[in-house]
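Here's the structure we're looking at; comments come further down.
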Amino acid sequence: METNKHKHLIRNIAIIAHVDHGKTTLVDKLLQQTGTISATGGGDERVMDTNVLERERGITILAKNTGIVYGDYEINIVDTPGHSDFGGEVERTLQMVEGFLLLVDAAEGVLPGTRFVLQKALALNLRPIVLINKIDRSDADVPRVEHAINDLFLDLVETADQLVFPILYGSSREGYVTTDPKVRTADTKILFENIIKEVPAPREKAHGLQLLTTNLDYSDFLGTIAIGRIFSGRIEKGQQFICCKDDYVSKPMKVTKIMKFRGLERIEVQDAEFGDIVCVTGFNEPITIGTTICDVGNPLPHSYVAIDEPTLSMFFSVNDSPFSGQEGSLLTSRQIKDRLLKELKVNVALRVEDTDSPEIFKVSGRGQLHLGILIENMRREGFELQVSAPEVIFKTIDGVRCEPVEYLVVDVHEEHQGVVMELLGKKRAEMKHIHHYSNGRVRLEFEVPSRGLLGFRNQFLTETRGTGIATFSFHGYVPYKGEITMRTKGALVAMESGIATAYALNTLQARGTLFIKPNDRIYEGLIIGENSRDDDMAVNPCKGKKLTNMRAAGSDDLVKLEPPRIMPLETCMEWIMPDELIEVTPSSIRLRKKIRRAALRKKEQ
């Protein structure tokens, strides 16, 4: 039962957008222009991207909180990921806010990620503000993008009230927001004024404490740190509290510290009340995301939005290659399982299941990038493991076998339109829209099975000579669409162990594309390249040149080898077939056959 209490000087807002449309850069400018952080000190860009992988890849992976004081108002901001693979981060954090700021690139316009995050925000009946960003781009087309945004809202709104929203214009990089794209302002003051005007003030939800946990952190000194939003009541340092979720109610515990967000820091406070986003410590038993912190004797579990189910799975197993234990320090199934269970506590969209083998675990997530980030984090922590080819997760709906589909948007030159449509036709894609632009480019929109996008990126870049742009997000489940041809080329598989020689590789490079270079260590069953034909070929990359006392003119010319193809983790995940594995160690990523010996592989066939 709601009360009539409001916190008129607090605003809670999430910033949502497709990947690389300027969310984190905008937060930088908001923090700088309010004096929350220095505009010159350190000179770091994207200060909210604190994760190493986020900085390397230039994308937001984890949702993060910050707080800004603007005049008399306290504005809590949530920076969310734009990639649908990290949709679990978006879903769990949108519950903390009353409104959202949707950023759309003035040139790229509405993309699958835009639709995905907007649909999630509107389903929670949050108040929208739209900012068309990057209007300083030379290829910006504000009228077209504005029209596309209105069409998107018409398609997705839950109530008529959500069709009324302000549209602002600006540039995150230049640090200004305006109500007229032809008039440049000096700062982001207009955005702050619209947040205060449009986003509702927090309203108390019930009588008694309700603090919903939407994220977890850990400190060696404080233990588990719960991060969440207080929906009702008040919490004080030293207060007794209980944790409840579904039918579970914990024993009483005591608050040891309460912190609020200010810029990049957490400041300690003595108390907090409804509307505040806070960090709380004092737990003496495990806590999970979605748990509600309540007053002792008054359990009031807050509803928690359902997280979408995973669409892709892989099998993680102990590394049993001949090079096992030579490059990593965390090798055993127990260590791998403990790490995966630890990830489950903070990664709400992940699922981990045991299999018939104690050394193999089935890990399911929202997409290749979602699982790839987990694998990359594990290898950097010192783990050695093997992972299988990604497999989509099928569902039976009303007795019909269904598979996940993605909404794919590609921007290509008109000359590449035919070859891209042919490529996607083989992937069982269904075209939905086509838009021709005046600059000679065309935008094609498809619904395509998730299976069809495994390995699609490399084929797409090859066919468009690296000029095409493809983005996609999860769209739903449809009846199974039939067989799809995956990789069309076989593998070059080592038949002996040893050291790769330039002499042998010089002969083999005519057979296909190599993944290795001279002096690389090789073991039997290692995939050393891609065959130019569609079948696998057993080869000997360690073969040495036979030495004689005779010399012939030209026979000792320097061997000229093509540079090997670099195969990072995501590329390997797209490339491999079900009978292959990726061997992941802190210093190497290798491809291998599940059955290493060629004779045994033939028997299996």
Polar side-chain atom of [X] near backbone of [Y] as donor-acceptor pair, under 3.5 Å:
{"X": "T185", "Y": "V177", "answer": "yes"}
{"X": "T214", "Y": "G228", "answer": "no"}
{"X": "E580", "Y": "M577", "answer": "yes"}
{"X": "D276", "Y": "V278", "answer": "no"}
{"X": "D155", "Y": "D151", "answer": "no"}

Where do [X] and [Y] come nearest, in terms of heavy atoms and distance?
{"X": "V97", "Y": "L126", "answer": "O-CD2, 3.2 Å"}
{"X": "Y304", "Y": "T213", "answer": "CE1-O, 4.3 Å"}
{"X": "Y176", "Y": "A186", "answer": "CB-C, 4.4 Å"}
{"X": "L26", "Y": "L191", "answer": "CD2-CD2, 4.2 Å"}
{"X": "T571", "Y": "M567", "answer": "CG2-SD, 3.8 Å"}
{"X": "G482", "Y": "R451", "answer": "O-NH2, 2.7 Å"}

Pair [X] + [Y], salt bridge at N-O below 4.0 Å:
{"X": "K395", "Y": "E309", "answer": "no"}
{"X": "K29", "Y": "D187", "answer": "no"}
{"X": "D139", "Y": "R137", "answer": "yes"}
{"X": "R127", "Y": "E198", "answer": "yes"}
{"X": "D79", "Y": "K23", "answer": "no"}
{"X": "E376", "Y": "R380", "answer": "yes"}
{"X": "D411", "Y": "R443", "answer": "yes"}
{"X": "R173", "Y": "D136", "answer": "yes"}

Aromatic plane relationship, Y477 with F474 - under 30° parallel, 30 to 60° tilted, over 60° perpendicular: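 Correct class here is perpendicular.
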Parallel, tilted or perpendicular, as decided by the 30° and 60° cut-offs, for the rings of Y480 and F394: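 Perpendicular: the ring planes of F394 and Y480 meet at over 60°.
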Of all pairs that satisfy salt bridge (Lys or Arg N to Asp or Glu O under 4.0 Å), the ones with a partner from residues 95-104, not counting sequence neighbours: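 For residues 95-104: E98-R229.
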Summary of salt bridge (Lys or Arg N to Asp or Glu O under 4.0 Å) pairs that have at least one residue in residues 466-481, sequence neighbours excluded: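 Those involving residues 466-481 are E430-K481.
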Out of curiosity, [X] [atom1] to [Y] [atom2], how far, rounded to the nearest 0.5 Å?
{"X": "Q119", "Y": "S473", "atom1": "CD", "atom2": "OG", "value": "8.5 Å"}
{"X": "L453", "Y": "E406", "atom1": "CG", "atom2": "CD", "value": "6.0 Å"}
{"X": "M573", "Y": "S388", "atom1": "CE", "atom2": "OG", "value": "9.5 Å"}
{"X": "I75", "Y": "I68", "atom1": "CD1", "atom2": "CD1", "value": "6.5 Å"}
{"X": "K120", "Y": "R115", "atom1": "NZ", "atom2": "CZ", "value": "13.0 Å"}
{"X": "T93", "Y": "N215", "atom1": "OG1", "atom2": "CG", "value": "8.5 Å"}

Pair [X]-[Y], side-chain donor/acceptor within less than 3.5 Å:
{"X": "T288", "Y": "T291", "value": "yes"}
{"X": "W575", "Y": "E530", "value": "yes"}
{"X": "E447", "Y": "H475", "value": "yes"}

ring-ring contact (aromatic ring centres under 6.0 Å, His included) between F316 and F361, worked out: CA-CA 5 Å; F316 288 36; F361 308 96; 8.6 Å; no
Less than 4.5 Å apart, side chain to side chain, heavy atoms only: is that true for [X] and [Y]?
{"X": "I16", "Y": "L103", "value": "no"}
{"X": "F383", "Y": "R339", "value": "yes"}
{"X": "K260", "Y": "I277", "value": "no"}
{"X": "F165", "Y": "L102", "value": "no"}
{"X": "V419", "Y": "L423", "value": "no"}
{"X": "M96", "Y": "V78", "value": "yes"}
{"X": "F460", "Y": "V410", "value": "yes"}
{"X": "V442", "Y": "I434", "value": "yes"}

Test applied, side chain to side chain donor-acceptor pair (under 3.5 Å); reference residue, S172; option that passes from N133, T24, D28, T188: N133
I582/I576 under side-chain contact (heavy atoms from CB on, under 4.5 Å): CA gap, chis, key distance, verdict: CA-CA 8 Å; I582 307 171; I576 65 169; 3.7 Å; yes
Verdict with reasoning, N377 to E343, per side chain to side chain donor-acceptor pair (under 3.5 Å): CA-CA 11 Å; N377 279 325; E343 185 71 19; 5.7 Å; no
Evaluate whether atom [atom1] of [X] has more than 12 neighbouring non-hydrogen atoms of other residues, nucleotides or ligands under 6.0 angstrom away.
{"X": "E414", "atom1": "CD", "result": "yes"}
{"X": "K345", "atom1": "NZ", "result": "no"}
{"X": "H147", "atom1": "NE2", "result": "no"}

Test side-chain contact (heavy atoms from CB on, under 4.5 Å) applied to I196 and Y70, step by step: CA-CA 10 Å; I196 292 168; Y70 180 77; 3.7 Å; yes
Contacts of type side-chain contact (heavy atoms from CB on, under 4.5 Å), residue P143, not counting sequence neighbours: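 Here the qualifying residues are D141.
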ring-ring contact (aromatic ring centres under 6.0 Å, His included) evaluation trace for Y407 with F472: CA-CA 5 Å; Y407 198 83; F472 55 89; over 10 Å; no
Stepwise side-chain contact (heavy atoms from CB on, under 4.5 Å) check, V69 with Y73: CA-CA 6 Å; V69 174; Y73 289 87; over 6 Å; no
From CA spacing to verdict: side-chain contact (heavy atoms from CB on, under 4.5 Å), S364, I393: CA-CA 8 Å; S364 305; I393 299 174; 3.8 Å; yes
